[in-house]
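These notes concern the structure reproduced below.
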Amino acid sequence: MFNRLIDILKANPRKIVFTEGHDARILEAASRLKADGFLTPILIGNVDVVKENAAKGGFDIEGLEILDPATYEGMEAMVEKMVELRKGKMTADECRSLLAKGNYFGTMLVKLGYADSLLGGATYSTADTVRPALQLVKTKPGSHLVSSCFIMVRGDEMICMGDCAINLSYEDSVDKEGNVTLSGADKLAEVAVDVARCAQLFGMDPKVAMLSFSTKGSGKGGTVSLSQAATARAKELAPDLAIDGEMQFDAAVSPVVGQLKFPGSPVAGYANTFIFPCIEAGNIGYKIAQRLGGFEAYGPILLGLNAPINDLSRGCNADEVYKMAIITAAQA
């Protein structure tokens with residue numbers, strides 16, 4: 001998997017911003033990326049602190065760019081651009097205060113085209129990584145929401161799961177008059193297509209199962225009707241993809257059960273991309289696969305944004321930072 005992504009990066013030189021350049025895990029990963037030569041890190045933080053921490057850890061970051069918001073020469077132009085992007089919702093002083101922080105500063109570097117991608121979250125919360133992205137980079141054309149997926153790897157086996165980290169649930173969006181402007185099914189369908197496209201980036205041929213506690217109408221209530229409507233909508237959005245549902249997990253992965261419960265489905269029994277109807281199911285599901293199934297979990301990989309911006313777990317190690325950097329930059 002990573003050889004494929006590295007080949008993409010070798011053919012397309014890219015820069016990635018690390019919002020927490022002082023962190024030892026970030027420095028170790030940046031040192032390794034520098035040595036490999038297929039991706040250029042940019043470290044955010046106080047130059048002296050970053051260099052001192054690198055020296056303490058024995059990490060070679062010589063020649064890597066270190067940008068400090070406190071001394072950045074282009075700060076006023078950046079403030080002006082952020083005021084414009086926020087469209088009167090923030091004053092120049094408020095923008096300047098936020099841009100003093102690595103998460104906002106780094107996101108603006110991506111927005112301005114100085115870097116291609118961003119990886120943060122070693123010390124920030126997920127919300128602190130996603131919020132600047134939504135406010136500044138924003139969603140890509142045609143996208144209505146940001147979602148996420150995890151790539152799960154066990155030996156040569158690879159599966160994809162989403163959304164396990166961002167969207168709590170899928171309710172209808174309504175205007176002031178009460179008219180539905182975007183249905184919950186439309187939202188879940190969009191997530192399904194975005195997750196499948198991400199799976200393709202990793203070399204997978206996605207077979208997408210819209211998961212439920214019901215298979216082909218066997219159950220009622222809960223999120224069954226949501227999954228049914230989202231399946232139909234996802235097929236309209238991406239007729240080139242193999243998408244089916246709603247189905248239970250056993251029907252999704254067991255050919256015997258799948259074809260018994262859902263005869264003729266091109267997905268049932270052979271699914272490798274799983275779409276959950278709410279975050280509780282998704283988060284529990286990927287962690288079960290990780291802890292009991294022995295899968296390595298890479299993510300959350302954020303989807304739907306105008307540029308690749310991803311979130312680390314605060315409990316990550318340097319190897320996870322290194323691998324997530326490759327994943328993030330390859331999305332550009």
Under 4.0 Å between a side-chain nitrogen and a carboxylate oxygen: does that hold for [X] and [Y]?
| X | Y | result |
| --- | --- | --- |
| Arg25 | Glu28 | no |
| Asp244 | Lys216 | no |
| Arg96 | Asp93 | yes |
| Lys323 | Glu320 | no |
| Lys56 | Glu52 | yes |

Is any side-chain heavy atom of [X] less than 4.5 Å from a side-chain heavy atom of [Y]?
| X | Y | value |
| --- | --- | --- |
| Met78 | Leu109 | yes |
| Asn46 | His22 | no |
| Met210 | Ile243 | yes |
| Leu312 | Ile26 | yes |
| Met82 | Val79 | no |
| Met324 | Cys316 | no |
| Ile44 | Pro69 | yes |
| Lys89 | Glu94 | no |

is_close_aromatic(Phe274, Phe249), centroid dist under 6.0 Å: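 Judged by ring-centre distance (under 6.0 Å), Phe274 and Phe249 do meet the cut-off.
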
Check: Tyr298 ring centre within less than 6.0 Å of Phe2 ring centre: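 Yes - the distance between ring centres of Tyr298 and Phe2 falls below the 6.0 Å cut-off.
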
Are a donor atom and an acceptor atom from the side chains of [X] and [Y] found within less than 3.5 Å of each other?
| X | Y | value |
| --- | --- | --- |
| Thr181 | Asp175 | no |
| Lys187 | Ser173 | yes |
| Ser148 | Asp163 | yes |

Is there a path of hydrophobic side-chain contacts, each under 4.5 Å between heavy atoms, that joins [X] and [Y]?
| X | Y | result |
| --- | --- | --- |
| Leu136 | Ile166 | yes |
| Leu241 | Ile151 | yes |
| Phe150 | Leu303 | no |
| Ile279 | Tyr170 | no |
| Phe262 | Val267 | yes |

Going from [atom1] on [X] to [atom2] on [Y], what distance comes out if it is rounded to the nearest 0.5 angstrom?
| X | Y | atom1 | atom2 | answer |
| --- | --- | --- | --- | --- |
| Lys207 | Cys160 | NZ | SG | 14.0 Å |
| Ser117 | Leu305 | OG | CG | 12.0 Å |
| Asp36 | Ile326 | CG | CD1 | 7.0 Å |
| Glu190 | His144 | CD | NE2 | 6.0 Å |
| Ile8 | Phe202 | CD1 | CZ | 8.5 Å |
| Lys261 | Ser254 | NZ | OG | 9.5 Å |

Steps toward side chain to side chain contact (heavy atoms under 4.5 Å, CB included) verdict (Val83, Met90): CA-CA 6 Å; Val83 171; Met90 288 183 182; over 6 Å; no

Identified side chain to side chain contact (heavy atoms under 4.5 Å, CB included) counterpart of Ile16 within the set Asp116, Thr40, Asn310, Leu119: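 It is Leu119, the one option of Asp116, Thr40, Asn310, Leu119 that forms the side chain to side chain contact (heavy atoms under 4.5 Å, CB included) with Ile16.
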
Qualifying residue, where the test is side chain to side chain contact (heavy atoms under 4.5 Å, CB included) with Thr107 and the options are Val17, Thr129, Leu118: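 Of the listed options, the one satisfying the test is Leu118.
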
Surrounding [atom1] of [X] (heavy atoms of other residues, nucleotides or ligands, distance under 6.0 Å), is the total greater than 12?
| X | atom1 | answer |
| --- | --- | --- |
| Glu62 | CD | no |
| Glu157 | CD | yes |
| Asp156 | CG | no |

Trace of the side chain to side chain contact (heavy atoms under 4.5 Å, CB included) decision for Tyr114 with Ile42: CA-CA 10 Å; Tyr114 194 86; Ile42 300 172; 3.9 Å; yes

Side chain to side chain contact (heavy atoms under 4.5 Å, CB included) between Arg14 and Leu9, intermediate numbers included: CA-CA 7 Å; Arg14 287 163 187 167; Leu9 295 175; 3.9 Å; yes

[X] side chain vs [Y] backbone, donor-acceptor pair below 3.5 Å:
| X | Y | value |
| --- | --- | --- |
| Arg233 | Ala185 | no |
| Glu20 | Gly121 | yes |
| Ser169 | Cys278 | no |
| Lys34 | Pro41 | no |
| Thr223 | Leu226 | no |
| Glu246 | Ser225 | no |
| Asp68 | Ala70 | yes |
| Gln228 | Gly245 | no |
| Ser31 | Phe59 | no |
| Gln331 | Ala307 | no |

Over all atoms of both residues, closest heavy-atom pair of Pro141 and Asn306: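 So the two residues come closest at CD-OD1, 3.5 Å.
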
Derivation and outcome, side chain to side chain contact (heavy atoms under 4.5 Å, CB included), residues Leu33 and Phe18: CA-CA 12 Å; Leu33 288 169; Phe18 289 105; 3.9 Å; yes

Intermediate values then yes/no, salt bridge (charged side-chain N to carboxylate O under 4.0 Å, His left out), Lys81 and Glu84: CA-CA 5 Å; Lys81 181 64 177 178; Glu84 176 190 330; 3.6 Å; yes

